[in-house]
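Because the structure is predicted, anything quoted here is derived from the model rather than measured. Naming convention: chains lettered A, B, ... in sequence-line order (proteins, then strands); numbering from 1 in each chain.
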Protein chains: 2
Amino acid sequence: MGNIPSIKPTESELEILQILWQLGKATVRQVNNELSKMKEVGYTTTLKLLQIMHEKHIVSRTEEGRYHLYQAEIGEEQTQQLLLGKFVDATFRGSAMKLVMQALGNQEVSLDELDEIKKLIAEKEKNLNL
Amino acid sequence: MGNIPSIKPTESELEILQILWQLGKATVRQVNNELSKMKEVGYTTTLKLLQIMHEKHIVSRTEEGRYHLYQAEIGEEQTQQLLLGKFVDATFRGSAMKLVMQALGNQEVSLDELDEIKKLIAEKEKNLNL
DNA sequence: TTTTATTTACGAATGATTTCGTAGCAAATA
DNA sequence: TATTTGCTACGAAATCATTCGTAAATAAAA
């Protein structure tokens with residue numbers, strides 16, 4: 001889990017990563033079950049994707065008797081950071097500010113969450129003032 | 001420019017949309033010139049993309065003498081909203097909050113911008129308290 | 001007028017991603 | 001033991017996005 005991810009996972013890969021981040025280690029079967037809650041997907045499709053991800057070192061795996069246990073090799077926050085950067089560039093021409101404004105303006109955010117954000121902003125302001 | 005965009009523009013299409021949003025109306029040549037500032041790209045590649053986007057009704061075009069003037073048919077904010085929603089779901093499992101925290105935490109945001117965000121938060125809080 | 005340049009249209013190659021069928025093994029079950 | 005079930009490996013088809021070459025038409029330049 002050390003490497004900074006420079007490779008961008010594809011959409012399907014990201015779906016699988018989400019599952020692995022939640023489950024920790026998981027068999028193909030488990031991943032496929034989770035995936036099936038969201039969409040129709042054949043078992044060997046999931047298997048193949050995990051194999052490809054393994055080749056790319058996005059996931060590691062250990063043999064546990066007859067099956068393989070897969071585990072994310074790239075961190076969740078790290079990956080979110082990478083994807084966020086690219087997304088901001090592509091969609092908001094690099095302006096994180098505009099993205100935040102739109103997210104706050106139109107997505108669901110609760111009062112408590114707004115408080116948390118205020119705290120973070122206070123922190124940031126402190127640092128910027130140094 | 002009325003329709004809510006339900007189709008997700010591809011990455012290349014988004015690059016072109018960014019240009020059209022800035023230029024308003026533009027010829028293939030103009031779009032290609034802008035694109036060329038960012039990367040190597042053949043003229044007919046740009047042309048083809050615009051034609052495809054036209055088929056998909058992402059852009060409209062008017063004949064102006066010998067050439068065509070292209071124009072975005074989907075709005076910038078509208079599209080950002082759509083993409084943002086999908087991105088939050090795919091990358092932050094639907095939590096706009098987490099996205100905002102990461103964006104504020106790690107992307108470049110200035111003091112003035114933080115102020116603006118504070119104002120927006122104040123607004124939101126007012127509305128939520130009603 | 002003839003040549004050159006610029007434009008659109010279009011088909012097709014390339015490349016990446018996703019999906020799935022089949023085969024080969026090993027374990028569980030009848 | 002024989003059969004069925006469940007697993008991995010792998011190739012290849014299907015889909016989608018991107019890139020570009022060529023042709024035809026028209027305008028501009030020589």
d(NE2, B:His68; C1', D:dA25) in whole Å: 12 Å
For atom OH of A:Tyr70 and atom P of D:dC7, their distance in whole Å: 12 Å
Trace of the side-chain contact (heavy atoms from CB on, under 4.5 Å) decision for B:Lys48 with B:Ile52: CA-CA 6 Å; B:Lys48 180 69 170 191; B:Ile52 290 170; 4.1 Å; yes
Toward the 5' end of DNA chain C, by each residue's nearest nucleotide, A:Val41 or A:Lys8: A:Lys8
Within residues 44-52 of chain A, residues whose heavy atoms come under 4.0 Å of DNA chain D: A:Thr44, A:Leu47, A:Lys48, A:Gln51
ILVMFWY network linking B:Leu14 to B:Leu50, side-chain heavy atoms under 4.5 angstrom: yes
Worked verdict on B:Lys118 versus B:Asp115 for salt bridge (charged side-chain N to carboxylate O under 4.0 Å, His left out): CA-CA 5 Å; B:Lys118 282 200 293 191; B:Asp115 272 352; 3.8 Å; yes
d(CE, B:Met53; C1', D:dT18) in whole Å: 13 Å
Distance-only donor-acceptor test (3.5 Å): side chain A:Arg66, base D:dT8: no
Protein-nucleotide distance (A:Ile7, atom CD1; C:dT17, atom C1'), rounded to Å: 15 Å
Atom of B:Glu73, atom of B:Val59 and distance for their closest heavy-atom approach: CG-C, 3.6 Å
Exam field: side chain B:Thr45 to backbone B:Val41, donor-acceptor pair closer than 3.5 Å: no
Spacing of A:Gln30 atom CD relative to D:dT8 atom C1', expressed in whole Å: 16 Å
Spacing of B:Glu55 atom CD relative to D:dC16 atom C1', expressed in whole Å: 14 Å
Presence of A:Tyr43 side-chain N/O under 4.0 Å of D:dT8 phosphate oxygens OP1/OP2: yes
B:Tyr67 atom OH, over 12 foreign heavy atoms within 6.0 Å: no
Main-chain N/O of A:Glu125 paired to A:Asn129 side chain as donor or acceptor, under 3.5 Å: yes
Spacing between B:Glu13 atom CD and D:dT18 atom P, to the nearest angstrom: 7 Å
B:Ile16 CD1 to D:dT18 P, straight-line distance once rounded to whole Å: 9 Å
base_contact_polar (D:dG6 base, A:Arg29 side chain, donor-acceptor, <3.5 Å): no
